[in-house]
Amino acid sequence: MLNKILVAFGLKPSQYTVHPFGSGLINYTLKVSGNGQDYILQRINVNVFKAPDQIASNLNLLQAYFKNTYPDYNFVAPLPSATGDYLVKTDKGEYYRLFPFVKGSTTTDFISNKKEAFEAAKQFGKFTCMLKDFDASALNYTLTDFHNLKLRFDHFKTACQNAQESRLQEAAKEVKEVYNHYNILQNYNQLIGNNQIPVRVIHHDTKINNILFDDKHNGLCVIDLDTVMPGYFFSDVGDMMRTYLSPVTEEEKDFSKIQIREDIFDAICKGYIAEMGKILTETEKQNFIFSGKLMMYMQAIRFLTDYLNNDIYYGIKYPDHNLIRAKNQFDLLNKYINCEKKFERILAKAQDGLIVAS
Ligand code: GN1
Ligand code: MG
């Protein structure tokens, strides 16, 4: 099967070896090595991305824009197949695409120092900033309502109504925790309801492994562009807070290891503001810290909802995996909230730094 796909992309199977690659929860990713140029081959999860051709069309539009406007930017777009298509469909209805593996680039799964956080935040900020004059409405919504907290909350409520009694009991504390932080949803509804936040081109998945670094640990570009679509700055800023601040991830079961690293918070502010500072609106700046709360809360709700729905979305490795992930995210959220006052001072300094520098 894989051989057929390689052939469809014009690669001779005998010249390449293929190995699973990366740690994404959604798509199935392989590295294809050999013959002087490596590739990333990816099977799109069509249960999540129901219209893979919409992703391909977004990427083509963006690629054309970058080629004209920022020709030096390393926009990692899919390669055409032998017949000039960007997706290869198998008899089983699976979709594959092939990317060049950027030579000399590396990725990391964990933030080990503030430089990495700074570089990543700068790259995500740069991406949105470079696209500030691109018409975001030309892009398809590859996942409708992806970061719509109101809808995520509604799905959570439905899941509570339909859940097995045993799961509902196991999750009672976390269900209560959702309501303890109801003010986050209220604030979100107010911001969105009043159209207070501009629509921009947003990456929507800013995990550190979606950044390519060069050999000197400088950021090169962003990858994993399936969720690039119109959205709000808080998705990217908030998901960086969610995934960079703590030295351990959402997978950690020992919550005493969940911590908030202030130097990393500082680096996210400085990196993002270095690129986006000049175009962020006052409301966006005022909600910079709120972004973290929003995304932690949303992810906790998403894991909890999936647990109540008998784990139909996120892959699990043990029975209570999604419940543990939800608990982990609530723990992170509470620790983040405890730091808010400190964050305000750090953010203000980072913003002052921009004014001094410009
Ligand atoms: C999924 O597969 P991955 O790790 O790139 C999810 C994100 C979640 C994340 C949580 C399309 O991303 O929204 O934040 O898991 N992506 C989708 O680990 O649902
Ligand atoms: Mg990903």
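Both counts, for ligands and for their atoms, begin at 1 and track the order of listing. FYI, the numbering just counts along the sequence from 1. Everything numeric here is computed off the predicted structure, so don't read it as measured data. Basis for what follows: all heavy atoms, side chains included, without hydrogens, waters or symmetry-related copies.
Side chains of N35 and Q15: a donor-acceptor N/O pair is present below 3.5 angstrom, by distance only. No donor-acceptor contact under 3.5 angstrom links the side chains of N140 and T142, judged on distance only. Side-chain N/O atoms of N27 and T29 include no donor and acceptor closer than 3.5 Å.
Cation-pi geometry between K115 and F213 is not met: the NZ or CZ atom fails to fall both under 6.0 Å from the ring centre and inside 45° of the normal. For the pair K31 and Y39, the cation does not sit on the ring face, since its NZ or CZ is not both under 6.0 Å from the ring centre and inside 45° of the axis. Taking the ring axis of Y86 as reference, the NZ or CZ atom of R97 does not stay both within 45° of it and closer than 6.0 Å to the ring centre.
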message = For a side-chain contact (heavy atoms from CB on, under 4.5 Å) check, start with the C-alpha distance between K335 and D331, then their side-chain angles and the critical distance, and finish with the verdict.
response = CA-CA 6 Å; K335 287 175 180 163; D331 188 87; 2.7 Å; yes

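Here is the list of ligand 1 atoms found below 4.0 Å of a heavy atom in Y313: 11 (C), 17 (C), 19 (O). Close approach of ligand 1 to E250 is summarised as follows: ligand atoms under 4.0 Å from at least one heavy atom of the residue are 10 (C), 18 (O). Less than 4.0 angstrom separates some heavy atom of L143 from each of these atoms of ligand 1: 11 (C). For ligand 1 and R242, the ligand atoms under 4.0 Å from any heavy atom of the residue are 10 (C), 14 (O).
Taking any N or O of Y314, backbone or side chain, none lies under 3.5 Å from an N or O belonging to ligand 1. Annotation: D239 places no N or O atom under 3.5 Å from an N or O atom of ligand 1; distance criterion only. Of the N or O atoms in T227, none lie within a sub-3.5 Å distance of an N or O in ligand 1.
Shown here are the side-chain contact (heavy atoms from CB on, under 4.5 Å) partners of A51, two or more places apart in sequence or in another chain: D53, Q54.
No heavy atom of R325 sits closer than 4.0 Å to any atom of ligand 1. Look at R302 and you'll find a heavy atom under 4.0 Å from some atom of ligand 1.
Closest heavy-atom approach to atom 4 (O) of ligand 1 among the candidates M295, Q299, K207: K207.
The proximity of D205 to ligand 1, defined as any non-hydrogen pair under 4.0 Å, is limited to the side chain.
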